[in-house]
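Below, read A as the first sequence line, B as the second, and so on, with proteins coming before strands; counting in each chain starts at 1. Predicted model, so just to flag it, every value in this text is computed and none were measured.
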Amino acid sequence: MDYNFTEIEKKWQQYWHDNKIYKVDIDHNKPKFYVLDMFPYPSGAGLHVGHPLGYIASDIYARYKRLKGFNVLHPMGYDAYGLPAEQYAIQTGTHPAVTTEKNINRYREQMDKIGFCYDWEREVRTCEPGYYKWTQWTFLQLFNSFYCNGCQKAQPISKLIARFEEKGTEGLNVAESKPLSFTAAEWKAMSEKEQQEVLMNYRLAYQAEAMVNWCPGLGTVLANDEVADGLSVRGGFPVERKSMKQWQLRITAYADRLLQGLETVDWSESVKDLQRNWIGKSMGASVIFKVEGKDIDLEVFTTRADTLFGTTFMVLAPEHELVSEITTPEQRAEVEEYITRTKNRSERERMAEVRKVSGAFTGAYGINPITGAKLPIWIADYVLMGYGTGAIMAVPAHDSRDFAFARHFNLPIIQVVKKPGTEPTDPATWEESFDAKDGELVNSGFLNGLTVKKAIERMIEELEKLGVGTGKTNYRLRDAIFSRQRYWGEPFPIYYKDGMPYAMDESKLPLELPAISEYKPTETGEPPLARAKNWVTEEGYPIETNTMPGFAGSSGYYFRYEDPHNDKEYFSREANDYWQNVDLYIGGAEHATGHLIYSRFWCKFLYDIGLSCKDEPFQRMINQGMIQGRSSFAYRANMEKLCEYGVWRLIKDNKLGVKFEKDFKDGRRRFDFFCPEKGILIEINRMGNLEKVAEPWQDYAAEKGYKLLLVPIIDVVNDYKNGTDFVEQRIKDLIAGREVPAFVEGEAYDGTPIFISKNLEGREQFSDPIHVDINMVRNDILDVEAFRLWRDDLKDAQFIFEKDKDGNDIFVCGNEIEKMSKSKYNVQNPDDLVEKYGADTLRLYEMFLGPLEQSKPWDTQGIEGTFRFVRKFWRLFHNENNEFCVSDEPATAPELKSLHKLIKKEEDGIESISFNTVVSAFMICVNELADLKCNKREILEPLAIMISPYAPHIAEELWHLLGHETSVVNAVFPVYDESKTVENSFNYPISFNGKMRFNMELPVTMNADEVQAAVLAAPEAAKWIEGKQVRKVIYVPKKIVNIVVG
RNA sequence: GCGGGUGUGGCGGAAUUGGUAGACGCGCUAGACUUAGGAUCUAGUUUCUCACGAAGUAAGGGUUCGAGUCCCUUCAUCCGCACCA
């Protein structure tokens, strides 16, 4: 073999390792650059080709930046706490640390083979005490902080205590769970426990009763982003809403800063939008309604204060605390029945029934603070307790849900907004609610004639004047539930005294995860940590048994890479001043509402307390797309399914045989059936034209002396009932009516699986696609022998083959693009590809596949093209005998032009994360140089440097062959020289009326007049000008010449 | 329903941001060298047409000397979020 990648790659990986080529330290003589990958959770399955995609991209970027003179921090680590290892522990008793360690080693082995330039001395693992010490430490800082709304900053809780001692809650403007009010004297009079309870209302990490997503299948609570469609993201277990006491992070305090910060980072618009949506800021008003005959204030939130004149009823969430208080005795039974009914529904049921209107009347009435109108108060589960105040003023005319509700329960509807220039119509005739945001107000007293926008402002003004409402901003974002009832996570440095949680002293950190005997929850439902022996402080106080969630460790890992071995601090001032925040972050967009929000929160908090010099963690982010697998299918005739069509049932019941006839005169294939005992030949044919296609069969049957029954299956399928009756009648007639000789030709259906080729008729109706290992398929043709060996249970399967053009039997598979997954047998293992083609080819190919941010299918065959390119590249440096052969002659102009075009293309491509076009530029350049038979050092040396980010091993090998003693990693990227690429003539496309007709080589020095004269004088032009007048000539230098004729 | 993305050959995808549509690669076709080829090399490959030529970037309309690119309308598709008041 000419290019021995196995040897080369092994050699240089060893060299890089031995010489610590990728170790980085602070170097104030160089600008820093921080390139980060989202660190992986080491799962048992190992890496597939999709995983390294982002790692390869970041690796290229890091290597490129290094060649450009930057001091590049490019670390890697493991998000090592996680559910799979714990679930495995519950089943097998293996400590999750053991599983995790094993998986990490496998990941590392796979990553090493690809030749990444990570500084492994900076590796972090979230499950190691040296790391999670700082996760716990940050938690303590959060616990000991509150958020000051005035200065928009976290502050030490001691400041708050001092304030309470001085003036209580007077004029307090801080983030809080609920508003409290007390004087300094009252504060001082409180017991310690009472004071602690009060402080919980303000801490950034606090414990409180909350509606949580409880997942009985996992035995733990989950954060909102860990739940999708009412099921847990991990494991897919049902989730229910439940009120529990949990640790939470007051991330809502940062809602506005999280929103504003998005303006300062270079992220894709879609991820920013996802976050904006998740935070869900909406500006509106809070309005107080009195309850008739009672001294009760009912607060609602609305974004449409302008429609207050159109509100005709009110709705509370069934869990609303005032429901029982306001319900009248007559309505109590109905209301309670409704509450029980809604409470017993699971989250999934509730979501499934979203469009069903339901509710109950409380018997109470609210008073419209503006009009004084009496509004019936209802409860209904379309109003959610978790948003706003859990109560709404319903404006049925202009809200579709209120409209549906009003229609269903016959409540009045008043129109208050109309399209400008139209007259209001009677809402009773409406089909749906009328939601015109650019309309004007009617039936609304002092708001009449105003636009919606103006009316909202005017109404809020009025409400504030009357003291019955105020402008208010609401967020969809909830505080993050921070405790999990699991074992494999960071323990909380919290102990309980008198039932109240207290922070452990920082000197006690890390609080190490204790060994336990079993990993499931205790019999009494306590978290697994309750099994730990001596899980108490030195003073004997019990320690918290919850553990932190997965996102705890991943929220601040990027800081730790900056100073990973520091055991005095999270990270030093010096390290953070130099490395600052991540310049380029590469990873999946699926973390948009989880990790990427929590990390930003974490970073902003560390910024507030003076640790981080930046308040956004990731300056620029690229989300790589998923690499999908191409699954192959073989189609198995599905007898069960076929039996659903009456014919098959009859055939089965009558013990008729079945034969799949594969080679027929007209070239078509179809199912045919024989009755072995009775000698009946049945043809079932989809093609409609029964007469024509049945002819050969009639001959055949006559020749053999069988009775022939023709059944157009199209009848059976399209007209199920009649078709079945028809067939039934015919079969009965035939069977009952005659004495027929036994017939055994053909294969009777005996349960042997039968496979139908992709193109065979009837596939959709009568077959089950089964996934086939992609390694057994090439160009959609299944290797049937390999298939039989693969699935032992199918070794006797019968296949219906097709003929290829040479007359060979082939079995054609179907295919579909799906997510890569073991169960779909479409996984491409990078190890296999590295072994077959080398890491350099794999790296280049993954980049060549398409734009990094798009999802795209993996095409196994395509890698060959990239492999050819790499070998062609190698041959530039070698002669026919594979001897290294580079000449020191000066390069020619075309050679230099080719090189400098590539320099430009690579610089632009890498900066704009357009790696696929850079690879194609490499191919073009190498094709050109090969055509020029170029082996000049002046060209090849820069080329070796330039390819090193993509294909570091081959680059390093060639670099050393070129006589260098040091690594190509430390070389300098060649400088683009535009003068090398300029030409003194340009091959102009000449168009007439915008249509390109011919090309013409013209000197670039020509002016417009000269160009016009030259073009019009050209012999090819005559044909297009003939008989027409030249009206105008457009000349764009070095672009185009367009002649307008007519 | 709301928000965002995407639509270009048989396939993955290019197109310097308004200037030769289909680069580069896969696949396919033909040929060469071969005992052989899932190796290598050469040529071809958007569609229609024998050809001259014409059409062509989801569909329709517009702006322009010139539109894949800008504007309007529609459709398809993917991804988020979703009784959020």
Side-chain angles (χ1 to χ4, degrees), chain A residues 228 268-278 280-282 284-285 300-304 307 311 315 317 350-351 353-357 380-384 386-395 398-402 404-405 435 474-477 589-590 592-593 625-626 630 778-779 817 844-845 848-851 853-869 871 901 904-905 908 914 916-927 987-999 1023 1031-1036 1038-1046:
Chain A
S268 75
E269 220 31 59
S270 61
V271 172
K272 286 191 191 180
D273 264 323
L274 238 48
Q275 292 210 346
R276 286 192 193 108
N277 224 313
W278 191 258
K281 180 177 184 171
S282 59
V300 306
F301 174 76
T302 178
T303 54
R304 293 295 300 273
T307 60
T311 181
V315 188
R350 195 188 65 77
M351 285 164 78
E353 290 173 13
V354 151
R355 291 287 154 212
K356 282 192 190 162
V357 178
D381 65 355
Y382 83 90
V383 174
L384 307 176
Y387 184 79
T389 61
I392 62 157
M393 56 176 232
V395 186
H398 306 293
D399 179 284
S400 58
R401 297 151 302 172
D402 297 345
F405 196 82
D435 185 17
N474 225 325
Y475 295 92
R476 203 186 76 105
L477 186 71
E590 69 272 16
T593 54
M626 207 172 350
R630 191 182 141 109
R778 193 182 159 80
N779 292 349
I817 303 301
L844 280 160
Y845 184 56
F848 186 58
L849 224 43
E853 302 193 64
Q854 254 175 49
S855 287
K856 58 233 163 219
W858 177 263
D859 172 11
T860 312
Q861 292 173 111
I863 197 168
E864 297 279 351
T866 314
F867 189 47
R868 273 195 277 273
F869 158 75
R871 279 178 297 171
K901 269 190 335 202
K904 181 88 173 67
K905 193 83 193 160
D908 293 350
S914 177
N916 54 327
T917 59
V918 177
V919 177
S920 108
F922 269 117
M923 289 172 171
I924 293 168
C925 178
V926 167
N927 286 345
N987 193 21
Y988 282 94
I990 312 296
S991 352
F992 291 82
N993 290 344
K995 292 221 180 297
M996 212 285 280
R997 294 304 176 183
F998 61 90
N999 282 304
K1023 178 175 167 189
R1031 300 198 185 275
K1032 198 172 172 185
V1033 176
I1034 287 129
Y1035 164 62
V1036 186
K1038 286 168 101 175
K1039 289 263 198 250
I1040 200 172
V1041 178
N1042 187 23
I1043 296 147
V1044 187
V1045 294

### Query
Nearest of B/C83, B/U40, B/C81 to any side-chain atom of A/Arg871?
B/U40
### Task
State which of B/G19, B/C24, B/A54 makes the closest approach to the side chain of A/Ile1040.
B/G19
### Message
Of the options B/G13, B/G25, B/C84, whose atoms approach the side-chain atoms of A/Lys856 most closely?
### Response
B/G13
### Message
What is the separation between atom CH2 on A/Trp278 and atom P on B/C84, rounded to the nearest whole Å?
### Response
15 Å
### Query
Contact class for A/Val1044 (heavy atom, under 4.0 Å): base, sugar-phosphate, or nothing?
sugar-phosphate
### Task
Measure from the side-chain N and O atoms of A/Asn474 to the backbone N and O of A/Ser282, and report whether any donor-acceptor pair falls under 3.5 Å.
no
### Query
Looking at A/Trp278, does the NZ or CZ of A/Arg476 lie under 6.0 angstrom from its six-membered ring centre and within 45 degrees of the ring axis?
yes
### Message
Over all strands shown, is A/Val395 touching base, sugar-phosphate only, or nothing at heavy-atom distances under 4.0 angstrom?
### Response
nothing
### Query
Mind checking who B/A55 pairs with, Watson-Crick or G-U wobble, both distances under 3.5 Å?
B/U46
### Task
Please work out whether the ring planes of A/Phe405 and A/Tyr382 are parallel, tilted or perpendicular, with thresholds of 30° and 60°.
tilted
#### Entry: Candidates B/U20, B/A14, B/A55 - which lies nearest the side chain of A/Met996
B/U20
### Message
Regarding A/Gln854, tell me which of base, sugar-phosphate or nothing describes its non-hydrogen contacts under 4.0 Å with the strands shown.
### Response
sugar-phosphate
### Message
Could you check whether any side-chain N or O of A/Lys905 sits under 3.5 Å from a backbone N or O of A/Thr917, counting only pairs where one atom can act as donor and the other as acceptor?
### Response
no
### Query
CZ of A/Phe992 versus C1' of B/G19: gap in Å, rounded?
16 Å
### Query
Which of these nucleotides, B/U40, B/C24, B/A85, is closest to any side-chain atom of A/Asn927?
B/C24
#### Entry: Integer-rounded Å distance: B/C81 C1' and A/Lys281 NZ
19 Å
### Query
Which whole-number value in Å describes the distance from A/Lys1039 NZ to B/A15 P?
14 Å
### Task
Remember a base hit wins even if backbone is also touched, and classify A/Leu274 as base, sugar-phosphate or nothing at under 4.0 Å, heavy atoms.
sugar-phosphate
### Message
Regarding A/Ile924, tell me which of base, sugar-phosphate or nothing describes its non-hydrogen contacts under 4.0 Å with the strands shown.
### Response
sugar-phosphate
### Query
Which listed nucleotide (B/G3, B/G25, B/A85) is nearest to the side chain of A/Thr302?
B/A85
### Task
Taking A/Tyr988 for its side chain and A/Lys1038 for its backbone only, find out whether a donor-acceptor pair lies under 3.5 Å.
yes
#### Entry: Per A/Asn999 side chain, nearest of listed nucleotides B/U20, B/C65, B/C24
B/U20
### Task
May I ask you to verify whether the side chain of A/Asn1042 and the base of B/C65 hold a donor-acceptor pair under 3.5 Å?
yes
#### Entry: For B/G31, the Watson-Crick or wobble partner whose two distances fall under 3.5 Å
B/C41
### Side chain of A/Arg476 - closest among B/C84, B/G25, B/A23
B/C84
#### Entry: Out of B/A21, B/G4, B/C84, whichever nucleotide has its closest atom nearest the side chain of A/Arg401
B/C84
### Message
Using 30° and 60° as the class boundaries, would you call the ring planes of A/Phe301 and A/Tyr387 parallel, tilted or perpendicular?
### Response
perpendicular
### Query
Which whole-number value in Å describes the distance from A/Tyr387 OH to B/C2 P?
18 Å
### Query
Checking all strands, does A/Arg997 fall into the base, sugar-phosphate, or nothing category for heavy-atom contacts under 4.0 angstrom?
sugar-phosphate
### Task
Classify the nucleic acid contact of A/Asn916 as base, sugar-phosphate or nothing, counting any heavy atom under 4.0 Å across all strands shown.
sugar-phosphate
### Query
Nearest to the side chain of A/Arg868, which nucleotide is it out of B/C26, B/G80, B/A23?
B/C26
